[in-house]
Each structure stands twice: as structure tokens, then as C-alpha cells.
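Structure first, commentary second.
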2 protein chains.
Amino acid sequence: MSQHMKDTVQAYFDLFNAQDAQGIADLYADDATVTDPVGTPAKEGKAAILAFYTLAVKNGARLKPNGTTRIAGNAAAFAFTVSVGAMTNVDPDIAVAVELPKGGMTIDVIDTFYFNEEGKVTEMKAYWGPENITQL
Amino acid sequence: MSQHMKDTVQAYFDLFNAQDAQGIADLYADDATVTDPVGTPAKEGKAAILAFYTLAVKNGARLKPNGTTRIAGNAAAFAFTVSVGAMTNVDPDIAVAVELPKGGMTIDVIDTFYFNEEGKVTEMKAYWGPENITQL
């Protein structure tokens, strides 16, 4: 299970960088929740999650891991940096919560994944806010 | 609030490195929970939390941050490395969950803190496991 959790985190990076929203959604359980960033309303269920990532990958952002994936019980936590030229497709909840720069930026993020017995992600939380954004 | 959350994370590092268990416990709300690592039973309430840190700081471990503290809503997430000569004072729940090396080690960890309105930590979760340990 711990290898599967590490592989899923790697797949998340690879699928995001390949702009494969459906592939990302398939990592999740049907009734999963995604809260990105913490403090905004959770996206509940696969359809909402697919819609969220469909918008997110359109910006052509690149995710680059910072350090090793932490594995604990049925959970994984990992730090990474998002690099994006300009964020033109922004989830409405994010747009309300965080004022994003108009141009390019990097964002330092930490995500947590919780897994069910089938190895699907049931809960994702993303930790980042205004002060984790560096304007380019 | 976001400055306070960053300051609390910095205080957590400083107090741990000063082996000040009472100072760490004072960062927490009276009814806070500490789950370290995720997958072990939570320590509930200030007395249990103080006991946990009293044991933990006895090992003389040093905490060194990896990257910036992520701030999102009422939460903070941060990555760090623990360096310890030999872990002789081990919380019983950790001893059951993770087989620790006899000698020196570093452990890569990610912690999350959730805060209440008074600025106290109500929930701490630590993400690390066997494969985040490097034997020295």
C-alpha cells in the first residue's frame, strides 16, 4: 500500500504535467473531496473533481516536487512548486479566496491525500495562500 | 492571523530545538489533538500533549525546516527534517507503528496545524513513516 501511495503521488505529478484531467480524476474515489486551497469549499464527487482539474490543467502549469513524499498510515503528504505562465482559467472559489497575479508566478504548495482500501484517494487538501505566491 | 500562524510554526521549531516541551504545549488549545504520525491514536488534550512532547524533546532531536510554511485558511502546513543521534525516548504508539533504527537518523516530516479564533493550535497531524527515515 505504501508503494501504491507513492506511485499515486508520482502519477498525480505526471498526469498534471501532461494536462490529463481525466487521468487525475481517476485517481480519486467516486465520493472523494478536494479542498484546494484549504479555506475554500470542498469539491465533492468525481464530476466536480473532474471539472476542477479540467479548468486547472488548462493553464499549462508545471508541478515540481520539493523533497520526498511522506507516507503515514493511509495518507501521503508532499510539497511541490507550481510554475505557471499566466493563470487565465481559475476556479471561481480560488478567485474569491486568493488574488492571483496577472502574469507568471510560482506557488509553493503542500498537499495531503487520504486513501481508501481500494487505493483510491478519498480526500485531498491543498495548503497554499497569497504569501506562498512568487510573482515572476 | 496569517502572520500569527507563521510565527507559531517558527516558535514550534525554536521551542522544540530548545527542548521546551511546556512552551510547545502552550501553543495548543486545551482540547487539541496531536496525531504523530498519522495512523497512530491521537493524543487528546493538553496533558497528553505535554506528556508526548516531554518524551519527544528528551532525544535532543533538531528540527530544520524544508521550504516555506504554507498558509491556507485557518491552517498551516510545513515540511522539515528531524535529526537525532539516537532515539531512546520513544512514544509507545510510535514504537508500535514504526521500527526505528537503534542509532542516529534523519526523518523527513510534513506537519499540518489547524488554528482556532484565539490563535491556538487545535489539531496537529504529522506525516512520516518508515521510508522517510534515513539511517546515519
Side-chain angles (χ1 to χ4, degrees), chain A residues 1-7 9-10 34-42 64-82 91 93-94 96-100 105-115 117 122-134, chain B residues 1-7 9-10 34-42 64-82 91 93-94 96-100 105-115 117 122-134:
Chain A
M1 183 63 172
S2 96
Q3 187 60 48
H4 169 76
M5 294 194 282
K6 279 200 294 189
D7 291 347
V9 172
Q10 186 58 53
V34 167
T35 308
D36 184 354
V38 166
T40 62
K64 192 167 160 245
N66 305 145
T68 52
T69 297
R70 277 67 158 180
I71 299 288
N74 65 330
F78 52 101
F80 59 100
T81 300
V82 180
D91 174 75
D93 292 329
I94 295 178
V96 168
V98 186
E99 188 176 351
L100 293 169
M105 73 195 88
T106 63
I107 313 177
D108 290 329
V109 183
I110 286 175
D111 278 5
T112 58
F113 282 176
Y114 281 76
F115 291 80
E117 305 264 314
T122 56
E123 183 202 280
M124 180 279 227
K125 291 188 177 176
Y127 297 84
W128 63 277
E131 48 213 305
N132 303 121
I133 299 172
T134 304
Chain B
M1 185 60 171
S2 97
Q3 186 60 49
H4 170 75
M5 292 193 283
K6 278 201 293 188
D7 292 346
V9 172
Q10 185 60 53
V34 167
T35 308
D36 184 355
V38 166
T40 63
K64 193 168 159 241
N66 305 145
T68 53
T69 297
R70 277 65 158 179
I71 299 288
N74 67 330
F78 51 102
F80 59 100
T81 300
V82 179
D91 174 76
D93 292 329
I94 294 177
V96 168
V98 187
E99 190 176 348
L100 294 168
M105 72 195 88
T106 62
I107 312 176
D108 290 329
V109 183
I110 285 176
D111 278 6
T112 57
F113 282 176
Y114 280 77
F115 291 81
E117 304 263 313
T122 57
E123 183 202 281
M124 180 278 229
K125 289 187 177 176
Y127 297 84
W128 63 277
E131 48 215 306
N132 302 120
I133 299 172
T134 304

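Only this structure's heavy atoms are used, side chains among them; waters, hydrogens and symmetry mates stay out.
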| note | What one should report as the nearest heavy-atom pair of A:Met5 and A:Ala75 is SD-N, 3.8 Å
| query | Which atom names give the shortest non-hydrogen contact between B:Tyr127 and B:Asp111, and what distance separates them? | reply | N-OD1, 4.5 Å
| task | Against chain A, work out which of B:Thr40, B:Ile110, B:Thr112 has the most heavy-atom pairs shorter than 4.5 Å and name it. | result | B:Ile110
| task | Please determine, among B:Pro37, B:Gly39, B:Ala77, B:Pro130, the option with the most heavy-atom pairs under 4.5 Å with chain A. | result | B:Ala77
| said: Using modelled atom types and a 3.5 Å cut-off, is there a donor and acceptor pairing between side-chain atoms of A:Thr69 and backbone atoms of A:Phe78? | reply: no
| What distance separates B:Thr35 OG1 from B:Met124 CE, expressed to the nearest 0.5 Å? | 8.5 Å
| Relative to chain B, which segment of A:Val98 carries a heavy atom at a distance below 4.5 Å: side chain, backbone, both, or neither? | neither
| query | In terms of heavy-atom proximity below 4.5 Å to chain B, should A:Asp108 be classed as side chain, backbone, both, or neither? | reply | both
